[in-house]
There are 2 protein chains.
Amino acid sequence: MTDLRPLRDFVRAATEAVALPRPEADLLADLRGRLATLVSRDDWLPDELAQPHPQFYRQYLLHCDPLERFSVVSFVWGPGQQTPVHDHTVWGLIGMLRGQEESQPYAPDAGGAMVPQGAPTRLVPGQVEAVSPTLGDVHLVRNAVPGQVSISIHVYGGNIGAVQRWVYAADGTRKPFISGYSNTMLPNLWDRSKEGA
Amino acid sequence: MTDLRPLRDFVRAATEAVALPRPEADLLADLRGRLATLVSRDDWLPDELAQPHPQFYRQYLLHCDPLERFSVVSFVWGPGQQTPVHDHTVWGLIGMLRGQEESQPYAPDAGGAMVPQGAPTRLVPGQVEAVSPTLGDVHLVRNAVPGQVSISIHVYGGNIGAVQRWVYAADGTRKPFISGYSNTMLPNLWDRSKEGA
Ligand SMILES: [Fe+3]
Ligand SMILES: [Fe+3]
Ligand SMILES: [Mg+2]
């Protein structure tokens, strides 16, 4: 059993953070620092929630705020896996835990087609990036390490697996999707009886 | 997969309830009604969290409030199983889901020995009872149905598996214990993508 305290500490702090009345930018600056602390070590994610699937990237829910104000997800990339071009509709923070991933922003061109916008960002362990409807919300993400599993920890401003959002085709047409989650069981963060002092 | 909505609805309502500034009696009256609704049907508890152990009663955490203001637990009794005489140190509500259990209150006698106090209470499905330091906090609970599994849903005013509390010997001496939980994985209440409209 891994020591889940880093994740529990993050969940508690994020629960307190989302309850404060303040601008989104201030909330994100706060959570960004806390997520950086969480992904500064790679010794707490249970193996069950770090398993790749041969065909599909996995989205394991680690915690959902009971009022659905935020959620914490482990994204597990098998070799060569990537998302479609998609949006989020809520703010998101991405903290790299293991391996590397590359995010390519997209934006509509003058003719309405959805095209790459600027250079991709490559995340390395410990690094944190943000997406949001205000910062730029459409991207394609891929595992950037050939032949290896990569894992990032995502925090979203809602129950992301239940949010109705969009995937985009190259011609700019879009289809609605709701991602759901890959796991039916969550880690029990709350059994302090098995922890050392 | 069972439909977890009744449990999710309870968790959301209880999260909102514990945040209100009001006397404990008002909170308990509110939660008591909501717990009665939850145990009025027996179609939502996942089988993994309803399994008895041959020797020991099981305490499966279903949900812990991230600020540890309350927790929800399924108590699963195998045939003939019972607790020691114990206390809770925080308020508790017990809603009977399946089978029956019997709770015998205890209190110290004039010489300091811990003795049964009054008649036992027998709970039947749908029924809800309360314990608390103010209402009477020490009892022994047992499965009241011979040869069958019984299950009750408990709600406590804290992360009960992490609370330092006490078991009592007949002579009144007590020993500290922290119960922990029987499960390392919790139900994912938040994947609405697999639910009907
Ligand atoms: Fe994304
Ligand atoms: Fe008890
Ligand atoms: Mg059933």
Side-chain angles (χ1 to χ4, degrees), chain A residues 1-5 7-19 46-49 58-74 156 158-165 176-197, chain B residues 1-5 7-19 46-49 58-74 156 158-165 176-197:
Chain A
M1 195 62 197
T2 54
D3 186 338
L4 295 163
R5 277 178 285 195
L7 179 55
R8 185 175 68 223
D9 291 345
F10 178 85
V11 164
R12 170 179 278 273
T15 303
E16 288 168 343
V18 297
D47 282 343
E48 306 92 293
L49 304 167
R58 303 276 78 181
Q59 297 164 81
Y60 297 109
L61 180 66
L62 301 181
H63 174 79
C64 185
D65 175 62
L67 302 178
E68 292 172 273
R69 295 167 299 182
F70 75 96
S71 53
V72 186
V73 176
S74 68
Y156 295 100
N159 176 5
I160 193 67
V163 171
Q164 210 239 258
R165 46 203 180 113
F177 84 109
I178 296 175
S179 66
Y181 296 110
S182 307
N183 54 324
T184 60
M185 300 294 282
L186 310 181
N188 182 352
L189 308 182
W190 309 103
D191 192 347
R192 298 172 181 271
S193 72
K194 281 146 192 141
E195 293 167 4
Chain B
M1 194 64 197
T2 55
D3 187 339
L4 295 164
R5 277 179 283 196
L7 180 55
R8 185 174 68 222
D9 291 346
F10 177 84
V11 163
R12 170 179 277 275
T15 302
E16 289 168 342
V18 296
D47 282 344
E48 304 92 296
L49 303 166
R58 302 277 78 180
Q59 299 164 80
Y60 297 109
L61 181 65
L62 301 181
H63 174 78
C64 185
D65 175 63
L67 301 179
E68 293 173 273
R69 296 166 300 181
F70 75 96
S71 54
V72 186
V73 176
S74 68
Y156 295 99
N159 175 5
I160 193 68
V163 171
Q164 211 240 257
R165 46 203 180 112
F177 83 110
I178 296 175
S179 66
Y181 295 110
S182 308
N183 54 323
T184 60
M185 300 295 281
L186 309 181
N188 181 351
L189 308 181
W190 311 102
D191 192 348
R192 297 170 180 272
S193 73
K194 282 147 191 142
E195 292 168 3

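Within every chain, numbering begins at 1; the chains are lettered A, B, ... in the order of the sequence lines, protein sequences first and strands thereafter. As a basis for the values below, the full set of heavy atoms in this structure was taken, side chains included, without hydrogen atoms, waters or symmetry mates.
- By the side chain to side chain contact (heavy atoms under 4.5 Å, CB included) test, A:Ile178 pairs with A:Gln164, B:Ser193, sequence neighbours left out.
- With a 4.5 angstrom heavy-atom cutoff, B:Leu67 touches chain A via backbone and side-chain atoms both.
- Distance check, rounded to the nearest 0.5 Å: OG of B:Ser179 to CG of A:Asp191 gives 8.0 Å.
- Here A:Arg58 pairs with nothing under the salt bridge (Lys or Arg N to Asp or Glu O under 4.0 Å) rule; sequence neighbours left out.
- Of all heavy-atom pairs spanning B:Tyr181 and A:Trp190, the tightest one is CE1-O, 3.8 Å.
- Between B:Asn159 and A:Arg192, the closest heavy-atom pair is ND2-NE, 4.3 Å.
- In terms of heavy-atom proximity, A:Val11 sits nearest to B:Pro66 at CG1-CB, 3.8 Å.
- To the nearest 0.5 Å, atom CG of residue A:Leu186 and atom NE2 of residue B:His63 are 10.5 Å apart.
- B:Leu61 and A:Asn188 get closest at one heavy-atom pair: CD2-OD1, 3.3 Å.
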